[in-house]
Protein chains: 2
Amino acid sequence: MATIRDVAAAAGVSVSTASRVIAGNPATSPASRAQVTAAVKALDFRPNTQAQSLRSTRTNSLGLLVSDVRNPFFADLAHAAEQAGLDAGYVTLLGNANERVDQQDRYLNTLIQRRVDGILLTPHGDGSGAIADIVRRGIPTVFVDRTVDGVDVPTVTTDSNKGIQQAVQHLSSMGHTRIGFISGPQSTSTGRERWAAYTNALAMSSLAADVELVYFGDYQTASGAAGMQKLMNLQTPPTAVIAADSLMAMGAISCVHEMKLKIGRDVALIAFDDIEMFTLLDPSLTVVSNNVHEMGKLAVGLLIDVIGGRNPQSIVLPSELIIRSSTSSAEQAGSIITRGH
Amino acid sequence: MATIRDVAAAAGVSVSTASRVIAGNPATSPASRAQVTAAVKALDFRPNTQAQSLRSTRTNSLGLLVSDVRNPFFADLAHAAEQAGLDAGYVTLLGNANERVDQQDRYLNTLIQRRVDGILLTPHGDGSGAIADIVRRGIPTVFVDRTVDGVDVPTVTTDSNKGIQQAVQHLSSMGHTRIGFISGPQSTSTGRERWAAYTNALAMSSLAADVELVYFGDYQTASGAAGMQKLMNLQTPPTAVIAADSLMAMGAISCVHEMKLKIGRDVALIAFDDIEMFTLLDPSLTVVSNNVHEMGKLAVGLLIDVIGGRNPQSIVLPSELIIRSSTSSAEQAGSIITRGH
DNA sequence: CTGAAAGCGCTTACAG
DNA sequence: CTGAAAGCGCTTACAG
């Protein structure tokens with residue numbers, strides 16, 4: 001591979017001058033600019049990023065560590081962040097924590113060693129381990145979607161209160177009084193927040209809270225199926241269920257299918273995240289949606305602010321209910337469930 | 001941040017010795033090993049990867065450039081490759097080409113500049129541009145899922161012939177004679193191969209080929225919807241349709257729903273890729289499946305071989321038909337479609 | 001087993 | 001506007 005030394009030689013200038021031309025430094029003569037540009041082209045020269053950043057301590061790269069690439073929500077988030085990063089001149093190195101703290105920490109270490117300029121993270125765990133490291137080292141970091149108590153970095157999150165409140169109201173207005181909840185893990189802020197929002201919303205709609213109606217999953221498909229099964233096998237099963245993420249909603253649906261029941265008719269379902277495929281299901285799914293694209297874009301913006309030494313405010317985006325066909329009337333659902341058993 | 005110089009000083013040894021201990025070089029005394037290990041711990045030292053790889057010309061990183069992260073097939077592929085890479089000591093930098101040649105080339109350049117040890121790519125285009133660059137420079141590269149004519153790098157692909165043949169046979173055995181095909185773009189090898197396989201399979205089942213029944217999409221959702229619409233609006237619409245990837249299948253389904261028709265009853269559908277969500281649809285989708293996990297794992301294995309200077313053979317994996325509920329009898333489908341119009 | 005020295009490919013004050 | 005020189009943080013022959 002050609003080095004800048006080769007370019008300088010071919011252009012008949014010093015390495016310094018070649019470097020300046022390549023970097024776009026205005027302190028260069030038109031003549032050397034032409035010479036160097038031609039040499040770069042002729043030799044197909046690509047600066048070695050390792051060497052550049054070793055010297056300049058910038059890498060023009062961002063690390064994005066998501067909880068689970070296979071979750072459509074995070075795939076969309078990754079896509080949005082990557083595009084926003086690219087527009088700002090950053091390349092985004094994507095990592096996948098697989099909803100596991102150990103894998104998150106491993107990737108975080110890798111990103112530290114590669115000296116990424118900043119890290120975008122959907123954090124998992126209690127903020128010890130690698131998260132404590134990056135904060136202590138002062139590596140520019142922004143949390144997205146999730147937060148960690150006691151860790152003071154800017155965040156971009158969604159306030160699910162409004163969406164969940166609308167969801168419970170909507171179900172209540174259709175006569176549902178027993179609303180199940182398949183919760184996310186309590187080791188994540190979203191898991192805790194959504195559960196609390198559900199509990200609050202029940203109270204606001206004057207519905208009794210029944211601990212039996214809450215199942216704690218882990219944001220993965222299998223736990224959604226297990227949760228739905230447990231709920232439907234209760235003495236008095238719920239007539240409606242809210243699932244706290246898309247993957248668990250998918251699991252819940254598969255469980256309902258296996259029981260030879262039908263979503264919307266036998267049990268109403270509200271999912272989280274506005275996944276394209278949810279509109280294709282029969283019935284299409286009512287969802288609490290958040291603007292994932294905006295989230296990714298804003299998070300990259302905040303991170304660039306932090307990298308630039310600024311101290312940006314955290315951002316909280318609203319959520320909202322999108323009503324589709326999976327939420328039917330309780331009378332209907334109740335009667336059929338009764339028949340079903 | 002602590003450097004190796006700090007570690008050496010704290011341990012009371014030379015930088016060379018510190019480096020050797022850290023690298024696990026056996027030519028070190030137990031005493032200095034203990035000293036250095038303690039110093040590393042005390043200072044929380046992390047070697048600077050930039051500097052390491054600048055010197056050793058290895059980066060222990062792999063670049064993985066997929067066509068579209070939001071496509072579940074590629075998300076699964078990324079996940080599989082990343083895990084396999086991690087197991088072999090590599091960190092995988094994931095990039096997203098968005099099914100666009102220009103974005104692919106941009107990322108490829110970035111990966112070259114970062115001196116990744118090898119590149120895993122689902123290639124797009126004709127092999128000019130950045131792909132020609134990486135081949136010319138001899139950067140270890142493996143193509144996965146797709147190939148590029150005239151570019152001689154090891155590949156891991158799926159032979160879709162068998163799966164498509166089974167699909168057509170299956171449909172034919174159920175009485176379907178007009179089988180539509182929503183094809184991938186002809187700028188990809190899979191797009192060309194699957195179309196050819198479809199044409200062949202028709203002949204093998206003694207079905208007439210009708211150019212009207214083929215629509216050329218771009219592997220994205222919208223084109224699947226457009227394709228289905230075109231097919232269903234034909235004078236004599238098909239009674240069954242095969243969609244060449246999961247996203248286009250999703251688009252096709254949404255189009256059918258909008259027409260107030262039902263998959264399986266009004267038109268049979270076979271999709272590509274065994275996406276979890278396809279099992280949840282009503283009716284569940286018959287698919288031509290390939291083992292994406294195996295693909296990702298094998299591709300990483302080949303890439304590591306190439307990096308190691310070996311010259312591995314390309315691998316072709318089989319595809320197979322998984323029959324579910326979206327493929328009904330033609331009599332039924334035909335009659336209802338006739339009624340529907 | 002150990003240390004001094006050179007060098008990976010760049011950038012950046014410094015002096016002119 | 002330009003060049004010589006130092007140095008970013010490591011690794012690796014080399015000599016002992």
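Chain letters run A, B, ... following the sequence lines, proteins first and then strands; every chain starts at 1. Quick note: numbers below take in every heavy atom, side chains included, and nothing from hydrogens, waters or symmetry partners.
Spacing between atom CD1 of Ile4(A) and atom C1' of dG3(D) amounts to 13 Å, rounded to whole angstrom units. Distance CZ (Phe45(B)) to C1' (dT11(D)): 12 Å, rounded to an integer number of Å. Between Gln113(A) atom CD and dC10(D) atom C1' there is a gap of 13 Å when expressed in whole angstrom units. Atom CG of Leu43(A) and atom P of dG9(C) are 14 Å apart (whole Å). Atoms CG (Asn48(A)) and P (dG9(D)) sit 16 Å apart, rounded to a whole Å. Between the CD atom of Gln52(A) and the P atom of dC8(C) there is a distance of 17 Å, rounded to whole Å. If you take CZ of Arg5(B) and P of dC10(D), they are 9 Å apart, rounded to a whole angstrom. Rounding to whole angstrom units, CD of residue Gln35(A) and P of dC1(D) are separated by 15 Å.
Phosphate contact (OP1/OP2 of dC8(C), side-chain N/O of Thr3(A), threshold under 4.0 Å): absent.
You'll find the side chain of Leu86(B) stays beyond 4.5 Å of the side chain of Thr92(B), heavy atoms only. A heavy-atom distance below 4.5 Å is not found between the side chains of Val153(B) and Ile134(B).
Thr110(B) places a side-chain N or O within donor-acceptor distance of the main-chain N or O of Arg106(B), the cut-off being under 3.5 Å.
Taking atom P on both nucleotides, dA5(C) is separated from dC1(C) by 24 Å, rounded to a whole Å. Rounded to whole Å, the separation between the P atoms of dG9(C) and dA13(C) comes to 23 Å.
Mapping Ser29(B) and Ala51(A) onto DNA chain C via the closest heavy atom, the residue that lands nearer the 5' end is Ser29(B).
Between the side chains of Arg20(A) and Ser32(A), no donor N or O sits under 3.5 Å from an acceptor N or O.
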Side chain to side chain donor-acceptor pair (under 3.5 Å) evaluation trace for His79(B) with Asn98(A): CA-CA 9 Å; His79(B) 177 256; Asn98(A) 253 327; 3.1 Å; yes
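Within a 6.0 Å sphere centred on CD of Gln313(B), other residues, nucleotides and ligands contribute 12 heavy atoms or fewer.
Note on Ser32(A): only backbone sugar-phosphate atoms sit closer than 4.0 angstrom, heavy atoms only; bases stay farther off. If you check every strand for non-hydrogen atoms under 4.0 Å, Pro30(A) touches nothing.
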Toss me the dot-bracket line for DNA chain C: Watson-Crick and G-U wobble, both under 3.5 Å, 5' to 3', using | for pairs to another strand and [ ] for crossers. |||.||||||||.|||
Donor-acceptor pairs under 3.5 Å, side chain of residues 35-42 of chain A to any protein atom, not counting sequence neighbours: which ones?
residue, atom, partner, partner atom, Å
Thr37(A), OG1, Arg33(A), O, 2.5

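Contact record, Ser67(A) with Thr122(A): OG-OG1, 2.8 Å, taken as the closest heavy-atom pair.
Using a 4.0 Å cut-off between charged side-chain N and carboxylate O, Arg70(A) and Glu82(B) make no salt bridge.
At a non-hydrogen distance threshold of 4.0 Å, Val15(B), Ser16(B), Ser19(B), Arg20(B) from residues 14-25 of chain B come into contact with DNA chain D.
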